[in-house]
Amino acid sequence: MATKAEFIWMDGEMLAWADARLHVTSEAVLRGGSVFEGLRGYPDASGRLNLFRVPEHLLRLRQSARFMRLPIAWSDDQLTRAMCDLVRANGFDQTIHLRATAYFGEGLGYGWRPEDIASGLFVFALPNPRRAGAATGIRSGISSWRRSPDNAAPSRIKASANYHNSRLAQVEAQLRGHDVPIMLNQQGNVAESPSSCVFMVREGVLITPPVTEDILESITRDTVMRLARDRLGVRVQERPVGRSEVYICDELFLCGTGHEILPVAEIDGYAVGDGIPGPLTRRLQALYDDCVSGRLPDYVHWLTPVAG
Ligand code: PMP
């Protein structure tokens, strides 16, 4: 089992890790001019790796790039093949994280016009074990930093520059002794975490802020809502969530490609429920595991085999 990445796919070539470089005057470096996707691959029962919901990630990458007026020269088929080739070249067969980034490169002078700036795309992959806290729940708190509003730096777009806002909140949280913070939007409603979405359970109903509350249109959020409705028959509500609700809810969890389903055990010193992951959270964790590992026949169409 390879534990380190040897290769990076960049602009159509499989490069050695150390050779994948951008010039320091690239727009991606100077002004954070890039958009990206984070995907995961999981082994199935036979030990073969599958990537989870590739078409949905590529669609969101295109939406982010379109918004930035950043051209992508590759088709979905080419990018899917590139990701699978990359995983095979690196010899990974464990759970992995893939990062696909479309970037603006060097430009003509200091102009901003997309047509004056080179663009490209790279993909790298790394082993990615499950986050600490998945079994016991994490400590969270409400960040003093608000999520960027839609009419300034839209959170809907997975622009690398948005992660400046995420970083402020994440670093503050760690200084306060929290694992991951929850961020409010400018209206004071619950938005999301720096890298995942938020769900709470109140009286058996699964509740999450709608996509108009300054959140990323998360693919895991969509997966969780579908599994909860279709497999568990749980009522799901997308509605604004007030700050005080997360202090009194029965269950609270974060979800995202990287965090998967991450229970919150404590928020701002309040125990969530009994201070351990709640029953619906645990059922959703098990179902999500089954889904990404190919154990739910109804959802195997969400898996792209790396073996091709
Ligand atoms: N919100 C933010 C800010 C994120 O960075 C992520 C991770 N991509 C998510 C939510 C979760 O999105 P997804 O489920 O598509 O990974």
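In listed order, ligands and their atoms are each counted from 1.
Every residue two or more places apart in sequence or in another chain was checked for a side-chain hydrogen bond (donor to acceptor under 3.5 Å, both in side chains) with Arg66, and none qualifies. A search for side-chain hydrogen bond (donor to acceptor under 3.5 Å, both in side chains) contacts involving Arg99 returns nothing, not counting sequence neighbours.
With hydrogens and angles left out, the side-chain atoms of Thr101 and Ser34 include no donor and acceptor closer than 3.5 Å. The closest side-chain donor-acceptor pair between Arg147 and Ser166 falls under 3.5 angstrom.
Shown here is Gln78, whose CD atom has more than 12 heavy atoms of other residues, nucleotides or ligands within 6.0 Å.
Grouping Ile, Leu, Val, Met, Phe, Trp and Tyr residues whose side-chain heavy atoms lie under 4.5 Å apart, directly or via other members, places Met183 in a hydrophobic cluster with Trp145, Leu168.
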Mind listing the N or O contacts between ligand 1 and protein, cut-off under 3.5 Å?
| residue | atom | partner | partner atom | Å |
| --- | --- | --- | --- | --- |
| ligand 1 | 1 (N) | Glu192 | OE1 | 2.7 |
| ligand 1 | 5 (O) | Lys158 | NZ | 3.1 |
| ligand 1 | 5 (O) | Tyr163 | OH | 2.4 |
| ligand 1 | 8 (N) | Lys158 | NZ | 2.8 |
| ligand 1 | 12 (O) | Ser218 | OG | 3.4 |
| ligand 1 | 14 (O) | Ser218 | OG | 2.6 |
| ligand 1 | 14 (O) | Ile219 | N | 3.4 |
| ligand 1 | 14 (O) | Thr220 | N | 2.9 |
| ligand 1 | 14 (O) | Thr220 | OG1 | 2.5 |
| ligand 1 | 15 (O) | Arg60 | NH1 | 2.7 |
| ligand 1 | 15 (O) | Arg60 | NH2 | 3.0 |
| ligand 1 | 15 (O) | Ile219 | N | 2.8 |
| ligand 1 | 16 (O) | Thr257 | N | 2.9 |
| ligand 1 | 16 (O) | Thr257 | OG1 | 2.6 |

